[in-house]
Q: 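What follows is a single structure, and I will ask about it in a moment.
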Amino acid sequence: MLFAIPFPAIDPVLVEIGPFAIRWYALAYIAGIILGWRLMRRLVAMAPVAASAEQIDDFVTWAVLGVILGGRLGYVLFYQTDHYLSAPWEALYLWKGGMSFHGGAAGVIVAIFLFCRRQGLNVRLFGDRLTAVVPIGLLFGRLANFINGELWGRTSDVPWAMVFPHGGPEPRHPSQLYQAFLEGFCLLVILQVLVRIPAIRERQGFVAGAFLAGYGIARIIGEVFRQPDAQLGFLWGGATMGQLLSIPMVLVGAGLMLAARRPQPAVA
């Protein structure tokens, strides 16, 4: 048998009182939203001002709805279509899990456009500041995936391979940690550097484009080590669903970065 590091025995449930349970996964969502909200309140105040702190407070509800509704709809459409066509009511069973980042991202994008239109805000400026904090949630989310022992990696003989509780007897890549590092930590550092450069902030849409392209690249790399979803397997060209959904993100992100221009002064 190949050498493997023992999987840390971390209970996915932090606290359980009767029928109520507080899970690490739920705390990851809460932590990502709270920390992202607090940081975004500071970022929007940088010149050029993107919104008021009070408007960011109001947007939190819109963002949460976008993540939940978009994430669930994306999972239903991209990952379990046949199942939910036969039992559509189960799409409402949120407590059973099943969320798609790409669907959640689409939901938040819709929320941004609707909110900015209602508040009279610049969509690109607002999107730049919001996407700069999104990797916080990605970092916590991937760590929660690891604690839950889900979305594990492909079989491997690397010295740090692990045997996951529900992943069979073979040692596997701890791909959740790879993705936490790439999609969470690395992307967060890059975006925080970019959003703090005045010349970059003036190029409206650049940071948002960097997020889309950066996440897409990180996800494509991470999926090389991650076990494909059992119900889908490998798809066109040996790619996974996560990789195929990330390609448009890279292209759109690169387009936004190339198209980003400093606002032109008004002609008297």
Side-chain angles (χ1 to χ4, degrees), residues 12 22-37 40 59-85 87-115 126-127 130-152 175-176 179-180 182-184 187-188 208 211-212 214-216 218-220 222-223 226-232 235 240-250 252-253:
I22 300 177
R23 299 180 177 274
W24 287 106
Y25 197 77
L27 290 179
Y29 269 87
I30 294 170
I33 291 169
I34 292 176
L35 293 177
W37 161 53
M40 190 176 176
F59 180 71
V60 171
T61 302
W62 293 66
V64 171
L65 289 174
V67 168
I68 295 176
L69 296 179
R72 186 58 174 173
L73 182 60
Y75 183 79
V76 169
L77 294 177
F78 300 141
Y79 292 94
Q80 291 271 341
T81 307
D82 293 340
H83 173 76
Y84 290 108
L85 282 176
W89 57 89
E90 292 191 12
L92 302 176
Y93 295 176
L94 297 178
W95 57 89
K96 290 190 175 181
M99 298 286 282
S100 162
F101 168 80
H102 295 93
V108 173
I109 290 172
V110 171
I112 291 173
F113 275 96
L114 294 177
F115 182 80
F126 193 87
L130 174 62
T131 52
V133 305
V134 170
I136 297 175
L138 297 175
L139 172 61
F140 285 115
R142 292 307 183 192
L143 292 177
N145 291 148
F146 178 75
I147 291 174
N148 287 347
E150 61 190 6
L151 306 183
W152 51 75
S175 58
Q176 312 96 320
Q179 292 185 278
L182 293 173
E183 302 168 10
L187 192 55
L188 178 64
F211 166 75
L212 293 173
Y215 175 83
R219 181 67 182 267
I220 290 171
E223 291 277 331
R226 176 175 162 179
Q227 182 71 17
D229 295 88
Q231 72 276 15
L232 296 177
L235 303 175
T240 66
M241 177 61 79
Q243 289 174 321
L244 294 178
L245 293 174
S246 295
I247 293 173
M249 291 186 70
V250 175
V252 172

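Below, each value reflects all heavy atoms present in this structure, side chains not excepted, and no hydrogens, waters or symmetry copies. Just so it is clear, the model here is predicted, and its values are computed rather than measured.
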Q: Looking at every non-hydrogen atom in both residues, tell me the closest pair between Arg142 and Leu151 and how far apart they are.
A: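 What the structure gives for the nearest pair is NH1-CD1, 3.8 Å.
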Q: Testing the basics here: between Ala144 and Trp24, what is the closest heavy-atom pair and its distance to 0.1 Å?
A: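 Minimum heavy-atom separation between Ala144 and Trp24: CB-O, 4.2 Å.
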Q: I need the Leu73 CG to Ile68 CD1 distance, nearest 0.5 Å.
A: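 Reported value, rounded in 0.5 Å steps: 13.5 Å.
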Q: Can you measure from CG (Leu138) to CG (Leu188) and round to the nearest 0.5 angstrom?
A: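 Reported to 0.5 Å precision, the distance equals 9.5 Å.
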Q: Does the pair Val108 and Val134 meet the rule for a side-chain contact (heavy atoms from CB on, under 4.5 Å), with working shown?
A: CA-CA 11 Å; Val108 173; Val134 170; over 6 Å; no
Q: Under the side-chain contact (heavy atoms from CB on, under 4.5 Å) criterion, do Gln179 and Phe146 qualify, and how do the steps go?
A: CA-CA 10 Å; Gln179 292 185 278; Phe146 178 75; over 6 Å; no
Q: How many angstroms lie between CZ in Phe140 and CD1 in Ile30, if you round to the nearest 0.5 Å?
A: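 Phe140 CZ to Ile30 CD1: 12.0 Å, rounded to 0.5 Å.
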Q: If you apply the rule side-chain contact (heavy atoms from CB on, under 4.5 Å), what do you find for Tyr29 with Arg23, and how did you get there?
A: CA-CA 10 Å; Tyr29 269 87; Arg23 299 180 177 274; over 6 Å; no
Q: Atom CG of Leu187 and atom CZ of Arg219: how far apart are they, to the nearest 0.5 Å?
A: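 If we round to the nearest 0.5 Å, Leu187:CG and Arg219:CZ are 13.0 Å apart.
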Q: Out of curiosity, Ile109 CD1 to Leu130 CG, how far, rounded to the nearest 0.5 Å?
A: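 That separation rounds to 9.5 Å.
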Q: Can you measure from CG (Leu139) to CG (Leu35) and round to the nearest 0.5 angstrom?
A: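 One gets 10.0 Å once the value is rounded to the nearest 0.5 Å.
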Q: Identify the heavy atoms of Gly216 and Ser246 that sit nearest to each other, and give their distance.
A: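 For Gly216 and Ser246, the tightest heavy-atom pair comes out as O-CB, 3.7 Å.
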Q: How close do Gly242 and His102 get, heavy atom to heavy atom, and via which atoms?
A: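 Nearest pair, atom of Gly242 first, then His102: O-CE1, 3.7 Å.
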Q: I need the minimum non-hydrogen distance between Leu235 and Thr240, along with the two atoms involved.
A: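 Smallest interatomic distance, heavy atoms only, reads CD1-C, 4.3 Å.
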Q: Side chains of Val250 and Ile220: closer than 4.5 Å at any heavy-atom pair?
A: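 Yes. Closest side-chain heavy atoms under 4.5 Å.
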Q: Check Gln176 against Trp152 and note the closest heavy-atom contact, atom names and distance.
A: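 So the two residues come closest at NE2-CA, 3.7 Å.
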Q: Assess whether side-chain contact (heavy atoms from CB on, under 4.5 Å) is satisfied between Phe101 and Glu183, documenting all intermediate values.
A: CA-CA 11 Å; Phe101 168 80; Glu183 302 168 10; over 6 Å; no
Q: Mind telling me whether Phe59 and Phe126 have parallel, tilted or perpendicular rings, with 30° and 60° as the class edges?
A: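 If you compare the ring of Phe126 with that of Phe59, the planes turn out perpendicular.
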